[in-house]
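Throughout, protein chains are lettered first and strands after them, A, B, ... in sequence-line order, and every chain is numbered starting at 1.
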Amino acid sequence: MKKNTVLGLEVPCGPNGVSVITVLQAIQGYYGYLPEEALEKAARELKVPLIDFYSVATFYKNFRLAPQGRREVVTCTGTACHVRGSEKITEEISRTLGVDIGSTTEDGEYSLKCVNCVGACALAPLVIVDGRYYGQMTSLKVRRLFSDNPTKTEQTVSSGLSE
Amino acid sequence: MINLTMDGLKISVEPGATLLDVARFYGANIPTLCYDEALSPYGACRLCLVEIGEPGKSRLVSSCTYPAREKLNVRTNTVRVMQTRKMIIELYLATCPSSKTIQDLASKYGVTGVRFSPKNEECILCGLCVRMCEEQMQAKAIGFVDRGVNRRISTAFDRKSEQCRLCGACMYICPVCQARCQGPSEESTLCNACLNLSPPCLENNDHTLCYMDPCAACELKKKTNQ
Ligand code: SF4
Ligand code: SF4
Ligand code: SF4
Ligand code: FES
Ligand code: FES
């Protein structure tokens, strides 16, 4: 495949040049998120209006406009998890870590986000920390999970899922 | 040439024409909110819908984006079209009751009640401003941001845009920017004030039309002068 460089990053190139999505992916791949200055520079380099980048970046959930925390906490708010109280679980996590949905703690440690069903509904309500699945969560389990001593593995249900 | 039927009329049109072009050329009355002659059609508001296909298997399509096709049977004013259109106007009214354009549509198409609670939004996401900025002003300063219920019009990073030349064209074309006659924040969702005026020309002139738009514009003027 033909390659092109944007901001010195390699971007796969289609017949009509590079697409906005591939440029964003390359930038996020490098920085871990989409820094404003990088998008501005790329827009200038490619002579694309900045709003095109911003529209696409805000449309897809995979793109982040703020840096990600070192650890990623994901709660499922899909139907099964919702029915089994995922809202309370998310609130509890939000309170315990002091972070809003979709943002990162001040010390840059945890990011919290919600997804809709990850296909493990039998384990509802579900919390995923750095790719590790914790099923049948309760407020107590949440507090234990994020206490200073998170070695207790009793709450890890079928960690095989995470591999 | 493409041959089609519109409201029973046999019509030949150049390829490339949309059903809206055809309808407007032949004088069929089709309201639009997201269409402008100078901009590419977008098909967002659904107000321009018409019914195509044989009765029984017909469907509703947006005429501004539907190209004229051979042997198409188009109907622009069936009960189904009118009912759906009224429903759409009612929904827009609930979204943006402060818009004069939408209130006028309601008066014109006889929408006399709104069954939804007003949202008082400032935008119906018709995309006219975005297309205006890009296609006529060559600025591309604004666009759609986010998605789903959070979708909105904004500049990149919601900051003042370097591309924007403050031409004001986006506001000029916006169907929601103009406040309705009684001002933006009236208590009732529906205005319909025009409906309560009887056109005076009918009493005075037997055979003439005044061509004022809206009808009773003369009365409206007197009212506001008082
Ligand atoms: S008074 Fe008539 S013209 Fe004015 S907003 Fe109401 S319906 Fe529209
Ligand atoms: S005022 Fe700015 S955003 Fe609006 S059409 Fe003009 S250039 Fe575009
Ligand atoms: S701001 Fe006005 S023109 Fe732009 S999308 Fe919203 S309603 Fe349409
Ligand atoms: S609803 Fe949570 S995993 Fe399916
Ligand atoms: S004018 Fe056709 S959908 Fe809006």
Exceeds 12 heavy-atom contacts within 6.0 angstrom, atom CD of Glu87(A): no

Closest contact, heavy atoms only, Leu50(A) versus Ala156(B): CG-CB, 3.5 Å

Residues, nucleotides or ligands: over 12 heavy atoms within 6.0 Å of Met171(B) CE: no

I'd like a table of the N/O donor-acceptor pairs between chain A and chain B - cut-off under 3.5 Å, distance only.
residue	atom	partner	partner atom	Å
Glu36(A)	OE2	Arg159(B)	NE	2.8
Glu36(A)	OE2	Arg159(B)	NH2	2.5
Glu40(A)	OE2	Arg159(B)	NH2	2.5
Asp52(A)	OD1	Lys140(B)	NZ	2.4
Asp52(A)	OD2	Lys140(B)	NZ	3.2
Tyr54(A)	OH	Asp158(B)	OD2	3.4
Ser55(A)	OG	Phe144(B)	O	2.5
Thr58(A)	OG1	Asp146(B)	N	2.9
Phe59(A)	O	Arg147(B)	NE	3.3

Sequence neighbours excluded, every pair satisfying side-chain hydrogen bond (donor to acceptor under 3.5 Å, both in side chains) that has a member inside residues 21-32 of chain A: Ser19(A)-Thr22(A)

